[in-house]
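I have placed the structure first, in the form of structure tokens, so that the comments after it can refer back to it.
Side chains are part of it too, since the values below use all heavy atoms of this structure and drop only hydrogens, waters and symmetry mates. Because the structure is a prediction, the values reported are computed rather than measured.
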Amino acid sequence: MRSLTQLLTLCLLLFALGGINAQCDIDGYTYGGSYNGHHYYFSDAAVEWPVADAAATALGGYLATIADAGENVFVATVAGGGGIFAWIGFTDQVSEGTFEWVTGEPVTFTGWNPGEPNNEFGIEDWTEINRFGSGTWNDLPAGHPRRYVVEFGDDDCDGTSDYCDDTFDDADCDGVGDGCDNCDGGDDSGPCDATSFPGFEEIPSDWVCHANGHKVYVCHNGETICVDFHAVQAHLDHGDFLGPCSSCDVEERSSSYQEETDVFELNVKMYPNPASDEVTISLYGFDDATATVTVLDKLGRVVMQKENQHEGYLRLSLKNLLSGEHFIQVVTADQVVTKKLLVVK
């Protein structure tokens, strides 16, 4: 029989792999959602604070900590029904009057009810949150049974946390935890967050995708494509990542070159469409030095023609074109792509 820790680990792995889109069931707990990359569960049972603290630790998590007002509202409403109050991980059991989070993280927010904490009878060392209304806090003796909120995950990216190395929280499988990704969906093994091409010496060798050494992988709309390095800037300007996409569904890349020119499919996009004064033609994946862009009217007559040299995109003025259907034809050495363009005056 699997332990609760094993079940939680499996659940988080399935979250990362996209196998669970709703809640991840753990016996005795209700999944309450995620906030800032952390997962929250609400206990079915009401127990004393020390029991709740031990149970959260045994699951591999901790009683919920709260860093700001937004998280406070989230924790206060993380689950519905079954009592008004819930335990959180705030206590002054070590030093009276000095409340600390069970994780040792800095105290950056408190939500005490007016007049609290008051340490009534000298024994109120643990904190409950009002799950309804304003989500205010109250200190309470441990002997009062309460349901409790368990938090999982740690977005600490200072290099000391296991979170950044935890594959269960690495949704894009690039070896960098979700909370520490520079490029969500891109491969963080190189400068995926570059705003300009840094040069071949600054990128991993397996990001170069052609034997002539002049083409690199780019993550474009979730797909890895191979483009001439002259066209990289246009991709970065459109929000693409330098380097391959990283995904649990993508096969591991080989560092060896493949001389298959037909794997680089020409991808042509136009915006805006319909257009009135100007249209931008974006060209991704073309495998030769130039591409010829021809504008045809609906009868197939050529009304404009231009050549694109490595740039990755081409802007065309439509001021001399009449309203109606037109066709954009892009021709390279081995490919022809035709797209419909509607000109509106």
Tyr148-Trp126 aromatic ring centre distance below 6.0 Å
no
According to the interplanar angle, ranging from 0 to 90°, do the rings of Tyr31 and Tyr41 count as parallel (below 30°), tilted (30 to 60°) or perpendicular (above 60°)?
tilted
Can a donor-acceptor pair be found, under 3.5 Å and without considering hydrogens, that links the side chain of Thr108 to the backbone of Ala67?
yes
Classify the side-chain pair Gln329/Thr294 by whether it contains a donor and acceptor separated by less than 3.5 Å.
no
Whether the Asp297 and His326 side chains hold a donor-acceptor pair (N or O, under 3.5 Å, no angle test) is what I'd like checked.
no
I'd like to know if the side chain of Asn113 reaches the main chain of Asn138, judged simply by a donor and an acceptor atom lying under 3.5 Å from each other, with no hydrogens or angles considered.
no
Do Glu71 and Tyr40 have a side chain donor and acceptor closer than 3.5 Å?
yes
Looking only at side chains, do Glu124 and Asn119 share a donor and an acceptor under 3.5 Å apart?
no
Of the non-hydrogen atoms in Phe90 and Val107, which two are nearest, and what is the gap between them?
CE1-CG2, 3.8 Å
For Asp187 and Trp207 the tightest heavy-atom approach is O-CZ2, 3.3 Å
Donor-acceptor contacts under 3.5 Å from residues 44-54 side chains, at least two apart:
{"residue": "Asp44", "atom": "OD1", "partner": "Thr30", "partner atom": "OG1", "Å": "3.4"}
{"residue": "Trp49", "atom": "NE1", "partner": "Ile88", "partner atom": "O", "Å": "3.0"}

Check whether any side-chain N or O of His144 sits under 3.5 Å from a backbone N or O of Leu140 as a donor-acceptor pair, and report yes or no.
no
Closest non-hydrogen contact found for Leu242 with Leu236 is N-CD2, 3.7 Å
Could you go step by step and tell me if Cys192 and Cys219 meet the disulfide (SG to SG under 2.5 Å) rule?
CA-CA 9 Å; Cys192 61; Cys219 182; over 6 Å; no
Answer yes or no: does atom NZ of Lys345 have more than 12 heavy-atom neighbours from other residues, nucleotides or ligands under 6.0 Å?
yes
Check the angle between the aromatic planes of Trp137 and Phe109 and answer parallel, tilted or perpendicular using the 30° and 60° thresholds.
perpendicular
If we ignore hydrogens and angles and just use 3.5 Å, is the side chain of Asn118 paired with the main-chain N or O of Asp139 as donor and acceptor?
no
Testing the 3.5 Å rule here: is there a donor-acceptor pair between the side chains of Thr65 and Glu105?
yes
